[in-house]
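Encoded as structure tokens, the structure appears first; notes follow it.
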Amino acid sequence: MKLIRSLAVCLLLAGCGVRPDGPTPGGDAPTGVSPGVTLYFVDNQERLQPDERKTGRLGSIAEALALLLTGFPRDAPDRHTEIARSPVTQVTVTTEPELVQLVLPLDRKEVTQLGIDQITCTALGVHLQGGGPRTAKVLLRFTHGGSPEPRTCPLIK
């Protein structure tokens, strides 16, 4: 009887068909849970500085850029923007894993080099938090005046 029980237990354990296996790679974990969005402004030493907006969610790249284009950092009198104010804040965004393309409602002359970095860092920050790769670049297109080459954010490594 002991032999039959032992044999039955062995058959049950061996017959389930599940083989031991290691974890299956699934890529990077999503990182989109956020209390807000990070916008980038310029301090008095001409350096980019993050400014978190407590929106309650990450939102989209277009929403983050609309906030950036409205103007000024909150509670930071030592920071400013290098982007001309515009009544239009709608930005068209096309994303691929490695490239974020932006069509801005601005002329190239309305944005300094630091302003380009503000836009690039804000867009890449949202893209990365949404699961995009760190190797992604941003291509800006202006209404007039040409577009710089695809770029990365100097603060995001």
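The analysis underlying the following values was restricted to heavy atoms, covering all of them including side chains, and did not include hydrogens, waters or symmetry mates.
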Would Q101 and T94 count as a side-chain hydrogen bond (donor to acceptor under 3.5 Å, both in side chains) if you check the C-alpha gap in whole Å, the side-chain angles of each, and the deciding distance to 0.1 Å?
CA-CA 5 Å; Q101 297 183 59; T94 306; 5.7 Å; no
With clusters defined by side-chain heavy atoms of hydrophobic residues (ILVMFWY) lying less than 4.5 Å apart, directly or transitively, does I119 cluster with V93?
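Shared cluster, yes.
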Any chain of hydrophobic side-chain contacts (each under 4.5 Å) joining V88 to L39?
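Looking at the clustering, L39 is in a separate group from V88.
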Atom [atom1] of [X] and atom [atom2] of [Y]: how far apart are they, to the nearest 0.5 Å?
X    : Y    : atom1 : atom2 : answer
E63  : T55  : CD    : OG1   : 8.0 Å
R108 : L140 : CZ    : CG    : 8.5 Å
L114 : H80  : CG    : NE2   : 7.0 Å

Assess the residue pair L102 and T92 against the criterion (side-chain contact (heavy atoms from CB on, under 4.5 Å)); give the C-alpha distance rounded to whole Å, side-chain angles, the decisive distance to 0.1 Å, and a yes or no.
CA-CA 6 Å; L102 308 175; T92 302; over 6 Å; no
For residues [X] and [Y], determine if any side-chain heavy atom of one lies less than 4.5 Å from a side-chain heavy atom of the other.
X    : Y    : answer
Q49  : D51  : no
L106 : L69  : yes
R151 : D117 : yes
V126 : S60  : no
C121 : P154 : yes

[X] side-chain N/O to [Y] backbone N/O, donor-acceptor pair under 3.5 Å:
X    : Y   : answer
Q118 : T81 : no
R79  : P50 : yes
T122 : Y40 : yes
T70  : L67 : yes
H127 : E98 : no

Less than 4.0 Å between a side-chain N and a carboxylate O, is that true for K54 and E52?
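Salt bridge between E52 and K54, a charged N being under 4.0 Å from a carboxylate O: yes.
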Does the side-chain contact (heavy atoms from CB on, under 4.5 Å) test come out yes or no for F142 and L104, once each step is laid out?
CA-CA 5 Å; F142 295 96; L104 300 158; 3.6 Å; yes
Verdict with reasoning, E82 to E46, per side-chain contact (heavy atoms from CB on, under 4.5 Å):
CA-CA 10 Å; E82 295 277 322; E46 301 297 308; 3.9 Å; yes
Other residues, nucleotides and ligands only: do more than 12 of their heavy atoms fall within 6.0 Å of CD on Q45?
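Count over threshold, so yes.
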